[in-house]
Amino acid sequence: ERIIFAFLDYAGKYKPKSQDAILASVRDFLAFHDGKPLPAITTEDVSRYRQHQINVAQDGSKRSTVRHRASQLRSFFNWLVQQDCCRRINKTTGEYFTLPKNLSTILNQPEPRPIPNKEEVHSILSYMPARTLVQRRDRAIVAASFLFGTRSDATASLRLGCVDVEKMMVDQDATVV
């Protein structure tokens, strides 16, 4: 506890919310190792925790949390190995938190956006006003975007000649504006 308190004193340069996040990461790490004292932590312990976090990330949950935890624990252990009580810890222990590059690429991908289903789009359209010409145009853009699978900007720039009603097909030429 004294070590963590000393780190929080050092971490005064961070915002309080960041300090709380770092503390939560350290507590999670220690809980994973059943409260093993920090001076007794080995690179193997760090590797086991990193693998646990990689497994959590590959399940698709908490991707951002895994990335931040790795970064926070790396900075904590880089500070820790410089403290008198922990000089026996391997100096490169902090670097063992570095995630594999292929995982970093996967983790940096944005979360998939939810796509509305037919009932949800119908509900959206039923709540949209349709009194003026502009309001009816907006409703048509929402409906067409859903049906065509296009972005609203692309739908708004479609020409009537791009839509083949008989073949139920849209063929947009992006060079024609």
Side-chain angles (χ1 to χ4, degrees), residues 4 7-32 49-79 94 97-177:
I4 294 172
F7 178 75
L8 289 177
D9 190 38
Y10 164 78
K13 63 183 180 180
Y14 301 117
K15 293 180 181 178
K17 189 173 179 180
S18 297
Q19 291 176 8
D20 292 344
I22 293 170
L23 183 60
S25 295
V26 172
R27 296 269 188 235
D28 184 63
F29 177 82
L30 293 174
F32 179 80
Y49 180 78
R50 183 187 65 210
Q51 188 57 50
H52 165 71
Q53 289 296 303
I54 289 170
N55 294 340
V56 167
Q58 289 176 339
D59 289 343
S61 59
K62 305 178 185 179
R63 295 190 296 184
S64 177
T65 303
V66 170
R67 222 180 29 241
H68 284 98
R69 281 232 163 110
S71 173
Q72 292 159 351
L73 288 168
R74 182 172 41 255
S75 69
F76 173 74
F77 272 87
N78 287 341
W79 171 85
F97 285 103
T98 303
L99 298 172
K101 290 200 184 289
N102 65 343
L103 183 67
S104 295
T105 304
I106 293 168
L107 295 179
N108 287 331
Q109 292 177 354
E111 298 284 337
R113 291 183 177 178
I115 299 171
N117 61 32
K118 184 179 175 182
E119 291 78 25
E120 291 170 332
V121 172
H122 183 39
S123 175
I124 291 168
L125 291 172
S126 69
Y127 284 105
M128 291 179 75
R131 287 186 294 279
T132 68
L133 186 60
V134 171
Q135 291 171 339
R136 288 194 300 268
R137 180 209 59 196
D138 292 345
R139 285 173 54 112
I141 289 173
V142 170
S145 292
F146 178 72
L147 291 173
F148 301 157
T150 57
R151 293 176 294 118
S152 58
D153 292 345
T155 305
S157 67
L158 279 176
R159 295 178 174 264
L160 285 177
C162 297
V163 180
D164 188 344
V165 178
E166 289 178 11
K167 292 182 181 176
M168 296 192 322
M169 191 171 97
V170 177
D171 185 22
Q172 183 185 23
D173 184 2
T175 61
V176 178
V177 182

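Thr98 meets the side-chain hydrogen bond (donor to acceptor under 3.5 Å, both in side chains) test with Arg74; sequence neighbours excluded. Here His68 pairs with Ser64 under the side-chain hydrogen bond (donor to acceptor under 3.5 Å, both in side chains) rule; sequence neighbours left out.
For the atom pair CD of Gln72 and OG1 of Thr65, the computed distance is 9.0 Å after rounding to the nearest 0.5 Å. Taken from CG in Asn117 to NE2 in His122, the straight-line distance is 11.5 Å, to the nearest 0.5 Å. For the atom pair SG of Cys162 and CZ of Phe148, the computed distance is 9.5 Å after rounding to the nearest 0.5 Å. Distance check: Ser25 OG to Leu30 CG gives 11.0 Å after rounding to the nearest 0.5 Å. Once rounded to the nearest 0.5 Å, the distance linking CG of Asp28 with CG of Leu23 reads 11.5 Å. Atoms CG and CD1, on Asp9 and Ile4 in that order, are 14.0 Å from each other to the nearest 0.5 Å.
When each of Val142, Ile141, Leu147 is paired with Ser145, the side chain to side chain contact (heavy atoms under 4.5 Å, CB included) condition holds for Ile141 and for no other. Among the candidates Leu125, Val121, Thr155, the single residue satisfying the side chain to side chain contact (heavy atoms under 4.5 Å, CB included) test with Phe146 is Val121.
Shown here for Pro129 and Arg139, the closest heavy-atom pair between the two residues is O-CD, 3.4 Å. The two atoms that bring Asn78 and Gly94 nearest to each other are OD1-CA, 3.6 Å, heavy atoms only. Taking all atoms of both residues into account, the shortest heavy-atom contact from Gln135 to Arg131 is OE1-N, 2.9 Å. When all heavy atoms of Val66 and Gln53 are compared, the pair lying nearest together is CG2-OE1, 3.5 Å.
For His52, the NE2 atom counts as densely surrounded, since its 6.0 Å shell holds more than 12 non-hydrogen atoms of other residues, nucleotides or ligands. Counting non-hydrogen atoms of neighbouring residues, nucleotides and ligands closer than 6.0 angstrom, the CE atom of Met169 exceeds 12 such neighbours.
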Self-check item: side-chain contact (heavy atoms from CB on, under 4.5 Å) between Val170 and Thr150, intermediate numbers included
Solution: CA-CA 10 Å; Val170 177; Thr150 57; 5.6 Å; no
Practice problem: Might you work through the side-chain contact (heavy atoms from CB on, under 4.5 Å) test for Ile22 and Gln19, ending with a clear yes or no? | Solution: CA-CA 5 Å; Ile22 293 170; Gln19 291 176 8; 5.8 Å; no
Practice problem: Check the pair Met128, Ile124 against side-chain contact (heavy atoms from CB on, under 4.5 Å), reporting the backbone distance first and the verdict last. | Solution: CA-CA 6 Å; Met128 291 179 75; Ile124 291 168; 4.1 Å; yes
Quiz prompt | Residue pair Leu73, Arg50: steps toward the side-chain contact (heavy atoms from CB on, under 4.5 Å) verdict | solution = CA-CA 10 Å; Leu73 288 168; Arg50 183 187 65 210; over 6 Å; no
Quiz item: What's the verdict on ring-ring contact (aromatic ring centres under 6.0 Å, His included) for Phe7 and Tyr10, showing C-alpha distance, side-chain angles and the deciding distance?
Solution: CA-CA 5 Å; Phe7 178 75; Tyr10 164 78; 5.8 Å; yes
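Ring planes of Tyr49 and Phe97: perpendicular class, angle over 60° (limits at 30 and 60°).
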